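For reference, the structure is listed below as structure tokens.
Per chain, numbering begins at 1; letters A, B, ... match sequence-line order. None of these values were measured; they are calculated from a predicted model.
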Amino acid sequence: MSQNILVAVAWPYASGSLHLGHLAGAYLPADIFARYHRLVGNKVLMVSGSDGHGTPITVRADQEGVSPQEIVDRYHPEILGYWDSVGISFDLFTTTLTENHRQVTWDIFRAHRAKGTIVEGESLQFYDPEAERFLPDRYVEGTCPHCGYPTARGDQCDNCGRTLDPTDLLNPRSRLSGATPVQRSTKHWFLRLGAFAGEVKAWLESKTGWRRHVKNWALGMIEEGLPDRAITRDLTWGVPIPPEADTLGEGKRIYVWFEAVIGYLSAAKEWAALQGTPEAWRDWWQNPDAKSYYFVGKDNIPFHAVIWPAMLMGYGEHNLPSDVPANQYVTFKGSKASKSLGVGRSIGWYSERLEPDALRFAIASILPEQNDTDLTDDEIIRRINEELVATWGNLVNRVLTITSRNFDHQVPEPGSLDKVDEEVIATVDTALTAVGELISEVELRGGLRTAMEAASAVNVYLNSTEPWKLLKSDRDRAATVLYTACAAISGLAVAFTPYLPFTSPRIAEMLGTGPGDEWSRPKLTPGRELGEIAPLFEKISDDILNEDA
RNA sequence: GGCGGCGUAGCUCAGUCGGUGAGAGCGCUCGACUCAUAAUCGAGAGGUCGGCAGUUCGAGUCUGCCCGCCGCUACCA
């Protein structure tokens with residue numbers, strides 16, 4: 001019974017390098033989840049892309065004196081490189097700069113406008129009379145009214161951290177020209193979110209199995225009231241307003257927060273078109289049995305658990321999110337990783353120094369599913385050496401080495417299985433089922449831990465049966481034990497596959513069980529020639545993550 | 001300020017609807033083993049579950065207050 005599963009992953013700004021927080025928050029969990037569902041035979045569509053619009057990109061472009069397009073052209077390929085290097089298996093990772101995305105955005109805009117849930121409105125905005133431009137809040141700077149910091153931004157003071165409104169600033173000035181900005185009225189299109197409050201609330205309340213912080217946050221947001229939100233800005237970089245609605249004056253664009261979430265739908269359509277099956281996206285968006293999972297960081301909860309559902313409700317005939325398993329943050333020595341603050345090195349920096357599965361393991365074992373989780377380089381190294389290499393890598397290596405050397409490089413012919421043999425196999429099979437259930441529930445850290453516990457159980461089995469002694473006293477029994485151990489690790493390899501997609505298939509190669517293409521313990525053929533035996537992982541040195549190492 | 005989350009062994013974290021003596025991994029101590037990447041296995045030490053008060057036959061788990069940390073606060077997404 002195959003199911004269609006949409007794996008929708010947060011769209012990173014193409015304005016800088018991504019760090020391990022991004023990997024842990026959204027991309028790795030999404031990938032583990034997607035790989036699992038592919039293995040069990042579900043039809044997975046995993047999409048995302050670079051967000052090519054938004055303030056961070058224009059800020060960066062202005063700083064460097066280049067066009068926003070150049071910024072996107074620089075960082076989008078870098079981001080694609082990350083996915084390649086750590087095995088994040090997108091079906092499509094596009095950008096928001098495509099013609100397709102524009103059309104889909106317009107579709108949704110028009111549907112809401114026809115229903116009267118997108119309406120015209122006016123707001124006051126700072127305007128730079130010299131540059132002749134409206135200014136986003138962060139383009140206004142001035143003295144913080146709270147702490148006196150002279151270069152506070154319009155949205156926040158970097159010195160005391162307080163949230164500000166640009167009108168709060170003393171001596172406001174434009175960051176573009178230094179001129180004193182003036183308030184000027186400007187027309188915009190507004191999304192009447194409040195019109196969907198009741199429907200979204202009822203929908204949220206019907207959801208079970210969602211993470212507590214996600215549901216509470218979303219409900220709390222509705223409780224506070226959902227005001228109309230301007231979905232256009234006075235900008236020249238962004239998705240244009242549909243021509244028939246572009247009547248508010250010059251220099252208006254649809255703003256990112258409205259348009260970026262639409263990327264999930266437009267990416268699905270783009271993927272379908274690229275496959276030569278332009279209607280195929282409907283299998284994930286309009287089939288009522290399809291499921292959709294949105295992997296985002298907790299800062300994105302409002303957009304995915306409230307605003308995007310409201311947008312879809314207004315659009316109609318498209319599936320709402322099945323779950324938004326938002327993760328909390330990874331902190332580095334207590335501080336939030338942040339592109340703008342420069343805390344946390346890039347994914348690329350780590351992937352150059354660590355094997356992809358080792359990095360994936362370290363991150364997967366600390367996924368911040370319940371709480372913010374602190375991570376240090378020492379912790380990464382420790383997880384790899386003390387857990388991945390010692391427990392799992394060594395288990396595979398010890399079993400295959402002793403088997404290969406003593407049974408002519410073949411899978412041994414077992415006698416009848418004793419109770420202990422059947423028990424260890426049952427432990428592995430039970431763990432395999434449990435890991436699958438945990439991944440389905442997006443309890444990915446728990447799934448990995450369950451697999452590791454089963455690996456420990458196999459180590460215990462070996463220490464109690466002592467096949468290295470049996471080889472001298474009872475060779476037939478040794479064959480049975482080693483056959484059992486081989487069967488156990490072949491089953492465990494399946495459980496590890498979503499987490500460790502680079503090394504897990506090598507176990508099937510070494511045991512000759514063929515490509516694992518389902519979520520069950522592969523059949524092991526006695527007498528079958530083994531592949532070349534080599535350790536799955538290297539132990540790494542303590543200083544591999546030192547700056548100058 | 002408002003909202004959300006969190007504060008459990010040295011470290012990173014689990015603890016479902018309140019209920020047998022509070023858990024895991026790593027680290028540490030002692031022991032076993034030697035097939036294996038000085039890997040593995042066993043035993044043990046180690047916590048007044050942030051604080052105070054309350055509800056209850058019974059609270060890490062519920063309520064109130066306090067202390068501390070993190071995030072968001074909608075023109076960052």
Side-chain angles (χ1 to χ4, degrees), chain A residues 10-13 15 51 53-57 59 123 125-126 134-140 153-156 162-163 165-166 188 193 211-221 223-224 226-227 229-230 233-235 255-257 260-261 296-304 306-307 328-329 331 334-336 338-340 365-366 368-376 378-379 382-383 385-387 389-391 393-403 405-406 443 445-446 449 452-453 456 458-464 466-471 478 482 485 534-539:
Chain A
W11 291 56
Y13 278 130
S15 67
D51 186 341
H53 301 123
T55 316
I57 293 186
V59 166
S123 65
Q125 179 100 30
F126 273 108
F134 281 98
L135 299 170
D137 286 358
R138 22 174 82 189
Y139 276 68
V140 181
R153 288 179 291 136
D155 56 347
Q156 188 177 45
R162 278 182 230 253
T163 307
D165 189 276
H188 283 295
L193 270 180
R211 292 187 183 157
R212 178 170 42 185
H213 70 274
V214 176
K215 196 163 167 176
N216 284 353
W217 192 333
L219 284 171
M221 188 176 159
E223 208 59 43
E224 286 174 41
L226 297 175
R229 285 185 62 146
R233 296 286 186 278
D234 293 285
L235 293 171
Y255 198 56
V256 268
W257 73 255
V261 284
V296 300
K298 66 176 169 182
D299 52 340
N300 255 319
I301 292 170
F303 290 88
H304 293 80
V306 176
I307 295 177
Q328 311 251 7
Y329 285 133
T331 56
S335 302
K336 181 195 171 192
S338 156
K339 276 192 280 191
S340 54
S365 58
I366 57 93
E369 293 173 337
Q370 308 297 334
N371 300 322
D372 288 353
T373 300
D374 202 52
L375 184 63
T376 60
D378 287 347
E379 174 82 1
R382 204 220 87 213
R383 294 269 180 188
N385 283 342
E386 307 298 334
E387 297 180 15
V389 178
T391 301
N394 180 60
L395 170 64
V396 172
N397 193 234
R398 71 191 292 209
V399 169
L400 291 174
T401 304
I402 189 174
T403 301
R405 279 187 198 152
N406 294 285
E443 300 284 343
R445 195 152 97 164
R449 192 179 143 192
M452 288 297 284
E453 282 170 359
S456 275
V458 180
N459 275 321
V460 172
Y461 167 79
L462 288 173
N463 281 47
S464 67
E466 299 182 309
W468 49 91
K469 286 187 182 168
L470 292 171
L471 283 167
L482 288 173
L536 296 177
F537 311 101
E538 295 290 322
K539 223 176 163 179

Inter-nucleotide P distance (B/C6, B/U29), Å rounded: 36 Å
Selection from B/C13, B/G4, B/C75 that lies nearest to any side-chain heavy atom of A/Thr373: B/C13
A/Asp374 side chain, from C-beta outward: closest of B/U12, B/C72, B/G5: B/U12
Distance below 4.0 Å between A/Arg445 side-chain N/O and B/C13 OP1 or OP2: no
Reported CG-to-CD distance for the pair A/Leu471 and A/Glu466, which is rounded to 0.5 angstrom: 11.5 Å
Spacing of the P atoms in B/G21 and B/A32 (rounded, Å): 35 Å
Atom-to-atom span, CD of A/Glu386 to P of B/A38 - whole angstrom: 12 Å
Whole-Å distance separating the CD atom of A/Glu387 from the C1' atom of B/C13: 11 Å
Gap between atoms CG and P, on A/Asn216 and B/C72 respectively (whole Å): 18 Å
Minimum-distance nucleotide (side-chain atoms of A/Thr391 versus B/U40, B/U12, B/C75): B/U40
Side chain of A/Glu379 (C-beta onward), nearest among B/U12, B/C13, B/U40: B/U12
A/Ile301 versus A/Trp217, closest heavy-atom pair with distance: CD1-CE3, 3.6 Å
Point-to-point distance, once rounded to the nearest 0.5 Å, from CG of A/Leu395 to CG of A/Leu462: 6.5 Å
From CA spacing to verdict: side-chain contact (heavy atoms from CB on, under 4.5 Å), A/Arg398, A/Asn459: CA-CA 10 Å; A/Arg398 71 191 292 209; A/Asn459 275 321; 2.7 Å; yes
Length of the line joining A/Asn385:CG and B/A38:C1', which is rounded to integer Å: 12 Å
Point-to-point distance, once rounded to the nearest 0.5 Å, from NZ of A/Lys298 to NE2 of A/His213: 7.0 Å
Minimum-distance nucleotide (side-chain atoms of A/Ser456 versus B/C26, B/A39, B/C41): B/C41
Residue A/Asp299, side-chain heavy atoms: nucleotide from B/C26, B/C72, B/G42 that is nearest: B/C72
Distance test, side-chain N/O of A/Trp257 to OP1/OP2 of B/A74, below 4.0 Å: no
Involving RNA chain B, stems made of at least three consecutive Watson-Crick or G-U pairs, both distances under 3.5 Å: B:1-7 with B:67-73, B:10-13 with B:23-26, B:28-32 with B:40-44, B:50-54 with B:62-66
Whole-Å distance separating the CZ atom of A/Arg382 from the C1' atom of B/G10: 12 Å
Letter per nucleotide, 5' to 3', of nucleotides 31-37 of chain B [B base touched, S only sugar-phosphate touched, - untouched; heavy atoms, 4.0 Å]: --SSBBB
Sequence-distant partners of A/Pro535, side-chain contact (heavy atoms from CB on, under 4.5 Å), two or more places apart: A/Asn397
Heavy-atom pair with the smallest gap, counting every atom of A/Thr373 and A/Pro368: OG1-CA, 3.5 Å
Distance, nearest 0.5 Å, that separates CZ of A/Arg229 from CD1 of A/Ile307: 4.0 Å
Pair A/Arg382 + A/Glu386, salt bridge at N-O below 4.0 Å: no
Value rounded to 0.5 Å, distance of CD in A/Glu387 from CZ in A/Arg449: 10.5 Å
Shortest side-chain distance from A/Arg233, nucleotide among B/C26, B/G5, B/C75: B/C75
Spacing between A/Met452 atom CE and B/C13 atom C1', to the nearest angstrom: 15 Å
Whole-Å distance separating the CG atom of A/Leu375 from the P atom of B/C70: 18 Å
Distance in Å, A/Asn385 CG paired with A/Thr391 OG1, rounded so as to fall on 0.5 Å steps: 11.5 Å
B/A53 and B/C67, which share atom name C1', separated by this distance in whole Å: 15 Å
A/Tyr329 OH - B/C70 C1' separation (whole Å): 10 Å
5'-most by nearest nucleotide on RNA chain B - A/Ser123 or A/Ile366: A/Ile366
Sugar-phosphate, base or nothing in reach of A/Gln125, heavy atoms under 4.0 Å: base
